[in-house]
Amino acid sequence: LRLDQERRLPSGAFASLEDLVRHYLVETGAVPASAAFAVAGPVHAGRSQITNLPWVIDQGRLRAEFGWAPVCLLNDLEAVAWGIPALGPEDLTVLQPGEEGAQGNACIMAAGTGLGEAGLFWDGQHHHPFATEGGHADFAPATAREDALLGWLRQRHGHVSWERLVSGPGICNLYEFLLAMGGDADVGQVGGQGLGVPEVAGKDLAAVIAARAALGDCPLCVETMALFASLYGREAGNLALKHMALGGVYLAGGIAPKNLDLLRGPGFLDAFLDKGRMAPLLRRMPVRVILNPQTPLFGAARYLHNQAFP
């Protein structure tokens with residue numbers, strides 16, 4: 001696969017995907033014959049209501065406006081799953097080697113602006129990617145502090161999903177919860193202008209918290225990221241068990257590659273393996289971080305080729 005005419009555009013600056021596509025086509029001069037779009041939301045019957053944008057995407061409408069054949073929509077984590085075969089060893093880093101020669105189902109978990117999850121069914125010869133919305137499943141506390149965290153988040157959001165904790169906004173939620181519980185730092189020390197603001201000194205608040213934790217100069221940031229790593233590991237273990245992922249657990253998204261030292265520490269894997277009698281099974285599962293941010297683009301291309309040439 002070769003990527004060409006790659007651009008990065010802020011989706012929030014456009015009223016619809018069609019507007020964004022028109023802008024892209026004018027800017028690049030590209031004249032595609034077909035197209036595939038990996039979108040952050042559930043896809044059903046060629047249609048998707050995007051989870052964190054006021055967009056409704058319909059592949060029939062795209063086909064009618066742009067004349068593409070075929071035009072495909074797939075979930076963004078499903079696209080990551082399709083992209084894995086295009087990756088080389090340099091595109092992955094290993095957190096747990098697992099059982100040598102392991103084969104079987106696999107799963108993907110991506111923490112970023114949200115929490116995406118997907119699976120790959122193993123038929124004995126090939127993997128078949130499929131989408132889920134598992135990131136929106138109910139969060140289950142395992143400690144007294146997490147009981148308090150659940151209550152605190154429920155007051156704010158009502159339904160509390162894993163996405164409320166294992167994501168960029170989740171890092172901010174954890175920081176604010178620990179601060180409210182008597183943490184010894186405040187957003188001013190992190191560099192912000194007030195609790196809960198989405199950006200700090202022109203940067204993403206979650207990224208600032210993670211960076212200060214890595215430096216070790218903000219105790220509350222360190223505590224926040226330690227709790228985040230534990231929760232990330234817990235939900236990754238949950239996902240691995242539900243998919244019987246002997247073929248591997250893949251961590252994608254923007255947060256994992258930027259926090260490898262955190263994930264290599266004991267917090268993530270201890271929580272991943274903390275499943276009682278199932279711990280030996282989880283030790284057999286390879287756990288890898290996807291380093292290549294272009295994986296969803298590779299996956300969309302492979303999916304489109306599969307649809308055009310089944």
Side-chain angles (χ1 to χ4, degrees), residues 1-41 43 48-57 59 62 65-66 68 71-84 86-88 90-93 108-116 118 131 135 163 167-172 197-211 250-260 289-305:
L1 292 174
R2 178 176 58 85
L3 296 180
D4 190 26
Q5 299 287 10
E6 187 177 354
R7 297 290 190 277
R8 186 176 182 90
L9 300 171
S11 52
F14 297 89
S16 66
L17 178 61
E18 288 86 348
D19 285 349
L20 187 151
V21 168
R22 283 190 288 268
H23 177 94
Y24 171 84
L25 295 176
V26 170
E27 183 175 293
T28 63
V31 187
S34 56
F37 295 93
V39 300
V43 178
S48 180
Q49 168 68 64
I50 303 305
T51 303
N52 293 316
L53 283 172
W55 290 3
V56 176
I57 302 175
Q59 68 184 32
L62 290 166
E65 175 159 352
F66 297 104
W68 296 321
V71 57
C72 306
L73 296 184
L74 70 162
N75 175 264
D76 54 350
L77 261 290
E78 186 182 3
V80 174
W82 276 95
I84 287 174
L87 302 179
E90 71 280 2
D91 297 314
L92 300 164
T93 192
I108 302 169
M109 183 176 177
T113 54
L115 179 63
E163 183 173 273
S167 64
I171 291 173
C172 301
V197 294
E199 292 198 354
V200 177
K203 296 183 179 180
D204 175 69
L205 176 57
V208 174
I209 292 169
Y250 293 89
L251 305 183
I255 293 176
K258 297 173 183 175
N259 293 275
L260 290 176
V289 176
I290 296 175
L291 304 177
N292 192 330
Q294 296 173 325
T295 305
L297 297 178
F298 292 146
R302 292 189 71 248
Y303 180 83
L304 178 61
H305 186 270

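The analysis underlying the following values was restricted to heavy atoms, covering all of them including side chains, and did not include hydrogens, waters or symmetry mates. Everything numeric here is computed off the predicted structure, so don't read it as measured data.
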Can you see which heavy atom on [X] is nearest to which on [Y], and at what distance?
{"X": "G168", "Y": "A206", "value": "O-CB, 3.3 Å"}
{"X": "L20", "Y": "S11", "value": "CD1-CA, 4.2 Å"}
{"X": "I108", "Y": "A81", "value": "CD1-CA, 3.2 Å"}
{"X": "S167", "Y": "G114", "value": "CB-O, 3.7 Å"}
{"X": "A118", "Y": "A131", "value": "CB-CA, 4.5 Å"}
{"X": "A40", "Y": "I50", "value": "O-CG2, 3.6 Å"}

Contacts of type side chain to side chain donor-acceptor pair (under 3.5 Å), residue T51, not counting sequence neighbours: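 Residues passing side chain to side chain donor-acceptor pair (under 3.5 Å) with T51: none at all.
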
Side chain to side chain donor-acceptor pair (under 3.5 Å) partners for N52, two or more places apart: none

Name all residues meeting the ring pair (Phe, Tyr, Trp, His ring centres under 6.0 Å) criterion together with F298; count only those two or more places apart in sequence or in a different chain, and write none if there are none. none

By ring pair (Phe, Tyr, Trp, His ring centres under 6.0 Å), which residues pair with W68, not counting sequence neighbours? F37, F66

Supply the atom-to-atom distance [X] [atom1] to [Y] [atom2], rounded to the nearest 0.5 angstrom.
{"X": "I255", "Y": "I171", "atom1": "CD1", "atom2": "CD1", "answer": "4.0 Å"}
{"X": "L74", "Y": "R302", "atom1": "CG", "atom2": "CZ", "answer": "11.5 Å"}
{"X": "L9", "Y": "Y24", "atom1": "CG", "atom2": "OH", "answer": "9.0 Å"}
{"X": "L73", "Y": "S48", "atom1": "CG", "atom2": "OG", "answer": "7.0 Å"}
{"X": "L304", "Y": "W82", "atom1": "CG", "atom2": "CH2", "answer": "10.5 Å"}
{"X": "T93", "Y": "I290", "atom1": "OG1", "atom2": "CD1", "answer": "12.0 Å"}

Enumerate the salt bridge (Lys or Arg N to Asp or Glu O under 4.0 Å) contacts for residues 6-17, please, sequence neighbours excluded, ordered by first and then second residue.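 Applying salt bridge (Lys or Arg N to Asp or Glu O under 4.0 Å) to every pair that reaches into residues 6-17, excluding sequence neighbours, yields R7-E27.
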
Any salt bridge (Lys or Arg N to Asp or Glu O under 4.0 Å) pairs touching residues 11-20, not counting sequence neighbours?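 Salt bridge (Lys or Arg N to Asp or Glu O under 4.0 Å) check on residues 11-20 returns E18-R61, D19-R22.
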
Quick check: do D76 and P296 have side-chain heavy atoms less than 4.5 Å from each other? no

So do the side chains of P32 and L25 get within less than 4.5 Å of each other, counting heavy atoms only? yes

Do any N or O atoms from the side chain of D91 and from the backbone of L291 form a donor-acceptor pair under 3.5 angstrom?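 Such a contact is absent between D91 side chain and L291 backbone.
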
E163 side chain vs L115 backbone, donor-acceptor pair below 3.5 Å: yes

Among L87, L297, I84, find the one that has a side chain to side chain contact (heavy atoms under 4.5 Å, CB included) with N292. L87

